[in-house]
Number of protein chains: 2
Amino acid sequence: MPTAHTMPMEMLTRKLDSITRLGEAERSALLSLPHTVRSLPARHDIARFGDRPSHCCLVLQGWVSRYAALSDGDRQILSFYVAGDMPDLQSLHLHRMDHNLATLTACVIAFIPHDELRPVLRRHPDLADALWRDTLIDAAHYRERITSLGRRQALGRVAHVFCELYLRQRVVGLATGPSCPLAPKQSELADALGLTSVHLNRVLRTLRQRKLVTLTGGVLTIEDWDELVTVAEFDPTFLHQDNDAPAIHEAAKIA
Amino acid sequence: MPTAHTMPMEMLTRKLDSITRLGEAERSALLSLPHTVRSLPARHDIARFGDRPSHCCLVLQGWVSRYAALSDGDRQILSFYVAGDMPDLQSLHLHRMDHNLATLTACVIAFIPHDELRPVLRRHPDLADALWRDTLIDAAHYRERITSLGRRQALGRVAHVFCELYLRQRVVGLATGPSCPLAPKQSELADALGLTSVHLNRVLRTLRQRKLVTLTGGVLTIEDWDELVTVAEFDPTFLHQDNDAPAIHEAAKIA
DNA sequence: CGGCTACTTGAGTGATTTCAAAGGTGGTGG
DNA sequence: CCACCACCTTTGAAATCACTCAAGTAGCCG
């Protein structure tokens, strides 16, 4: 079985398969994209506010976060990315970064030059559409986060993000049973959910006591999927995993 | 001077001019797009959760809101749109609505069939890129809202959304002096900012007393732009109005 | 004038934060 | 192998921001 390191672009076709239907021409165009693979340490900025990136990046291993830094030193984590995600696609059309992109854990990341990607997208408009769609799904995730922050209280917010991160990993094969990796530390989850790490910790205790989920040592274990979904008011529509509906509906049975 | 009603697509070229550079071929392709213009009453759903829209819509007059409805009857307003915006562009690639789109005020809206738009975008990839860019800017607005909801308290949130809505209208010519229309009612602003209308009302009083802004009768008047920007921690980078930087920097002088 | 709807204000409550400090755990060097 | 340090997690008590409930005012339209 090829490792992420040896077949980077295969990671991408697999991800895109979950959200769209690629033709053979598009698939092979993707697989032959020039790219550079780099290993980065944890907590390393990939792109900073104000930068003008010249490459898109594809996560092969590890977790990446997108975050905004506020003047008072606070930060808001906007989203998490796992293997298969292209967190930086937007830089193709938004030339100046309005936030930061950084590794959360040690990562292996493939960098694809804009100048190589652009002509390929011109020759394969279906591929361009697939990537456009990917950025629109990213936006759908943002919308769901807004709803969480605006209208759910802490318990629901945490339950909701756990549902999301578990399913997103299931779809790309990073979770099979009731458990999945969950790299963000409590303080990072808190920064993503608009909570303090102190309060997040209390919410985790509640979830543990109510036997819904457990988070220990970077592993999330779902103990009662149905109840978790209820607490979160979770509806997977926003994931737009049209091609993987079964994977999502199976979650209820397995976890 | 042509009214919005007689020259709908011109509205769109003007909006796109503010975020990208269109060639003549793209411009005329836009202007000749088939479309239907309709007048809709206030509070009218344009597309509902679960729908599969067959048209994109372009706002010609009035205010439109995107919102999520929660099971307990609460709603979260995700964004506001004004004349020139195409709130429904994403439906080109995300086939099932994961939220709702509705008029806030009485509106005039142009509907463009997907089936007409798609081939035009294939013939004019630069135009497709411009619209892709537009959806990416929409996502940038979401990110900024997440930051507001997660890390700013009520006063900053309200100040921030006022800065945003004022500038967005300036750029398309809907605001010239220190005032601009602001159609959302207090309860709607509250639903957008994750506040109760009671608390929003108190925040408005504070902003009024501190002589930063006044909101009366659907008109927002900026009294102290610099101080408002400070309270909001507002940075216009996320608007990505690369072609209208002057308009944005002038705001400080005029308001 | 009556009946809407939107806005405004007060008083009490509650969810989350702040401040402070005590456990765990893993890595490093003596 | 243990001591120590750094970082993360956990808990307690007090403060605060925003919410809930409730009532009252203002404006608009028939």
Side-chain angles (χ1 to χ4, degrees), chain A residues 41-43 63 65 70 72-77 104-106 148-162 181-210 213-221 231, chain B residues 41-43 63 65 70 72-77 104-106 148-161 181-210 213-221 231-232:
Chain A
R43 245 152 285 206
W63 286 65
S65 78
L70 282 84
D72 58 4
D74 267 16
R75 72 173 171 175
Q76 174 66 39
I77 291 184
L104 222 45
T105 65
S148 260
L149 293 178
R151 286 293 173 239
R152 281 189 255 269
Q153 39 190 59
L155 189 72
R157 271 184 230 176
V158 177
H160 198 278
V161 82
F162 283 169
L182 207 136
K185 303 182 201 321
Q186 293 189 9
S187 61
E188 289 160 340
L189 282 174
D191 280 346
L193 297 176
L195 302 171
T196 56
S197 59
V198 171
H199 194 56
L200 180 87
N201 181 276
R202 295 192 230 269
V203 170
L204 288 181
R205 178 174 52 184
T206 305
L207 288 171
R208 205 185 312 129
Q209 287 169 345
R210 290 173 58 173
V213 283
T214 313
L215 175 59
T216 333
V219 174
L220 179 75
T221 304
V231 168
Chain B
R43 246 151 287 204
W63 286 64
S65 77
L70 281 83
D72 58 4
D74 266 16
R75 74 174 170 174
Q76 173 66 40
I77 292 184
L104 222 47
T105 64
S148 260
L149 293 178
R151 287 290 171 241
R152 281 189 256 267
Q153 39 191 55
L155 189 73
R157 272 185 229 175
V158 177
H160 197 279
V161 82
L182 207 135
K185 303 182 203 317
Q186 292 189 9
S187 61
E188 290 160 340
L189 281 175
D191 281 345
L193 298 175
L195 302 170
T196 57
S197 60
V198 171
H199 194 55
L200 181 89
N201 182 278
R202 293 193 230 270
V203 170
L204 288 180
R205 178 176 49 183
T206 305
L207 287 171
R208 205 184 312 128
Q209 286 170 345
R210 289 173 58 172
V213 283
T214 312
L215 175 60
T216 333
V219 174
L220 179 75
T221 304
V231 167

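Throughout, protein chains are lettered first and strands after them, A, B, ... in sequence-line order, and every chain is numbered starting at 1. Just the heavy atoms: all of them, side chains too, but no hydrogens, waters or symmetry mates, feed the values below.
- Residues B:His199 and B:Val203 form a side-chain contact, since some pair of their non-hydrogen atoms from C-beta on lies under 4.5 Å apart.
- Interface limits on DNA chain C: the 5'-most and 3'-most nucleotides within less than 4.0 Å of chain B heavy atoms are C:dA6 to C:dA11.
- In this structure, B:Arg157 and B:His160 have side chains that are not in contact, with every pair of non-hydrogen atoms separated by 4.5 Å or more.
- Residues B:Arg210 and B:Leu155 are in side-chain contact: their nearest non-hydrogen atoms beyond the backbone lie under 4.5 Å apart.
- At a threshold of 4.5 Å between non-hydrogen side-chain atoms, the residues B:Arg75 and B:Ile77 count as touching.
- Looking only at side-chain heavy atoms (C-beta outward), B:Leu189 and B:Leu182 come within less than 4.5 Å of each other.
- At a threshold of 4.5 Å between non-hydrogen side-chain atoms, the residues A:Leu204 and A:Val158 count as touching.
- Looking at A:Arg151 and B:Asp191, a side-chain N of the basic residue comes within less than 4.0 Å of a carboxylate O on the acidic one, giving a salt bridge.
- Expressed to the nearest 0.5 Å, how far CG of A:Leu193 lies from CD of A:Gln186 amounts to 11.5 Å.
- Atom P of nucleotide D:dC17 and atom CG of B:Leu155 are separated by 11 Å, given to the nearest angstrom.
- Among the atoms of the strands shown, none is found under 4.0 Å from any heavy atom of A:Arg151.
- Across its full length, the helix from C:dC1-D:dG30 to C:dG30-D:dC1 shows an angle of 30° between the axes of its 5 terminal pairs at either end, rounded to 10 degrees.
- The CG-P distance, from B:Asp74 to D:dC19, rounds to 11 Å in whole Å.
- DNA chain C is contacted by both B:Lys185 and B:Arg205; B:Lys185 maps to the nucleotide lying nearer its 5′ end (nearest heavy atom per residue).
- B:Arg152 is listed as a side-chain neighbour of A:Leu70, based on a closest heavy-atom distance under 4.5 Å.
- Rounded to an integer number of Å, the gap from CG of A:Leu215 to C1' of D:dC8 is 12 Å.
- Remark: A:Arg208 is not in phosphate contact with D:dT9, judged by side-chain N or O atoms under 4.0 Å from OP1 or OP2.
- Nucleic acid contact class of A:Arg157 (heavy atoms, under 4.0 Å, all strands): none.
- In this model, the phosphate group of D:dA18 is not approached by any side-chain N or O of A:Gln153 to a distance below 4.0 Å at OP1 or OP2.
- B:Ser148 OG to A:Gln76 CD: the interatomic distance, rounded to the nearest 0.5 Å, is 9.5 Å.
- Side chains of A:Glu188 and A:Leu104 form a contact here, defined as non-hydrogen atoms less than 4.5 Å apart.
- DNA chain D is contacted by A:Val198, A:Asn201, A:Arg202 of residues 191-204 of chain A, taking any non-hydrogen atom closer than 4.0 Å.
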